[in-house]
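Quick notes on the structure that follows.
Counting starts at 1 for both ligands and their atoms, in listed order.
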Amino acid sequence: MDRKRIIVGVAGGIAAYKACTLVRQLTEAGHDVRVLPTESALRFVGAATFEALSGHPVHTGVWDDVHEVPHVRIGQEADLVVVAPATADLLARAVAGRADDLLTATLLTARCPVMFAPAMHTEMWFHPATVDNVATLRRRGAVVLEPASGRLTGADSGAGRLPEAEEISTLAQLLLERGDALPYDLAGVKALVTAGGTREPIDPVRFIGNRSSGKQGYAMARVLAQRGAEVTLIAGNTAGLVDPAGVDVVHIGSAAQLRDAVSKHAPEAHVLVMAAAVADFRPVHAATSKIKKSSDPGEDAPTIDLTRTDDILAGSVRARNDGQLPNMRAIVGFAAETGDANGDVLFHARAKFRRKGCELLVVNAVGENRAFEVDNNDGWLLAADGSETALEHGSKTLMASRIVDAIVALLHNDGNG
Ligand code: CTP
């Protein structure tokens, strides 16, 4: 991606220390980052830290370098403004249109996408004043991230934690890639997302697994949640991914556990996204103790008999068509395909789409540096109306946001959205 001008605003909360990691990640991604802390942010982290990390001087007020008119120019020239952490007070000042320091003045002059990553105590987050302020900012087109839940300052825990720096920088880069804000258009929608690979036990220490990293499914859960959906993520094995903020995560191991978790949560869901790489076969018997090799090197290796697992996607489509999932309005499948002598990637994907009967099928071509364990991807989106849309090359988060655009269109088209 080109070098973009990103303003990182930092308000005065203890999570200000996490802004240092965010600034580092954004500069390492090649962007020109300038930090605008508030006076109170500097009580938590010194200006020297932000200056060293960003390579730019740090000011809080509008009276430095006045001849350069920074209180207007910084906002006008920015490609993206990210405020992390955004305290309850900062959100209130942004809503009121105050311009009493350099950060709030910049928020008034910025015409680029603006993202707030709130961090505050749970009581403050749920106070009607903050709830109204967040709704107002979203209505005006700003992206206000859902905070994470968990340990807050002191002994408290609950909603209000700043999402991890990696999550904020991922979403910041998404806004730059999309070139527009992420709409908050899925409030009231319940989404069930599966991600990662299953592990089919052979014995207590061995399993049959696959190379899925879970990144695409996590990106789907993250984007759905940040657009307002209530998301349950059923996660198999992943490459140590950060749980997305504001998402309920259920960890499972085998295909059978994934099937049971989907059956449990699907009746509530409006949307099912099957991004998990589910094993198609599992050992018929998992040994209860570790399988030992004999001391005789000439002895044959054991044979492991395999049996088919249930097709969870096809089973969910069947259950929905039989009226067992009355809330379900969109089922999304994924297909990783290679071409062969019978046809190319799309030929196989079309056949799979017909077999599975879902509303959308996301198709990835598998090969060198594609689909598995990588950050970028491309592919096609097949829809039940016969359309085949190419998904532009970009981050898995960008791809997730395009798939979610299609899900939103589906929900609106079926008359209930
Ligand atoms: N899937 C599933 N249950 C399975 C296997 C796959 O729900 N037991 C889902 C995956 O989550 C994915 C889609 O089905 O959304 C496609 O998976 P894939 O393994 O590519 O499809 P298969 O029907 O198994 O076809 P193939 O013969 O290519 O393996």
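Applying the 4.0 Å criterion to heavy atoms of Ala276 picks out, from ligand 1, the atoms 10 (C), 11 (O). For ligand 1, the atoms closer than 4.0 angstrom to any heavy atom of Gly333 are 15 (O). With ligand atoms numbered from 1 in the order given, ligand 1 contributes 8 (N) to contacts under 4.0 Å with heavy atoms of Ala279. Near Leu313, meaning under 4.0 Å from any of its heavy atoms, are these atoms of ligand 1: 2 (C), 7 (O), 9 (C), 13 (C), 14 (O), 15 (O).
Partner of Arg93 under the side-chain hydrogen bond (donor to acceptor under 3.5 Å, both in side chains) criterion, out of Thr87, Thr38, Asp101: Asp101 alone.
Nearest to atom 28 (O) of ligand 1 by heavy-atom distance, out of Arg308, Lys352, Met274, Glu337, is Lys352. Between Asp280, Asp311, Val273, it is Asp280 that holds the heavy atom closest to atom 5 (C) of ligand 1.
Shown here for Leu361 and Phe353, the closest heavy-atom pair between the two residues is CB-CD1, 3.5 Å.
Ligand 1 has no nitrogen or oxygen under 3.5 angstrom from a nitrogen or oxygen of Val332.
Looking only at distances, no side-chain donor or acceptor of Glu166 sits under 3.5 Å from a matching main-chain atom of Val242. For the pair Thr130 (side chain) and Met124 (backbone), a donor-acceptor distance under 3.5 Å is present. Remark: the backbone N or O of Val366 is not paired with any side-chain donor or acceptor of Thr338 at under 3.5 angstrom.
Every pair passing salt bridge (charged side-chain N to carboxylate O under 4.0 Å, His left out) that includes a residue from residues 13-27 is listed here, sequence neighbours excluded: Arg24-Glu28.
Residue contacts with ligand 1, taken as heavy atom pairs separated by less than 4.0 Å, involve Thr309 solely via side-chain atoms from C-beta onward. Residue contacts with ligand 1, taken as heavy atom pairs separated by less than 4.0 Å, involve Ile312 via backbone and side-chain atoms alike. Residue contacts with ligand 1 for Asp310 involve N, CA, C or O but no side-chain atom from C-beta outward (heavy atoms, distance under 4.0 Å). Contacts with ligand 1 closer than 4.0 Å are made by no heavy atom of His348, backbone or side chain.
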Mind running side chain to side chain donor-acceptor pair (under 3.5 Å) on Asn342 and His348 for me, showing each step along the way? CA-CA 9 Å; Asn342 293 322; His348 289 289; 5.4 Å; no
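Remark: atom 18 (P) of ligand 1 lies closer than 4.0 Å to at least one protein heavy atom.
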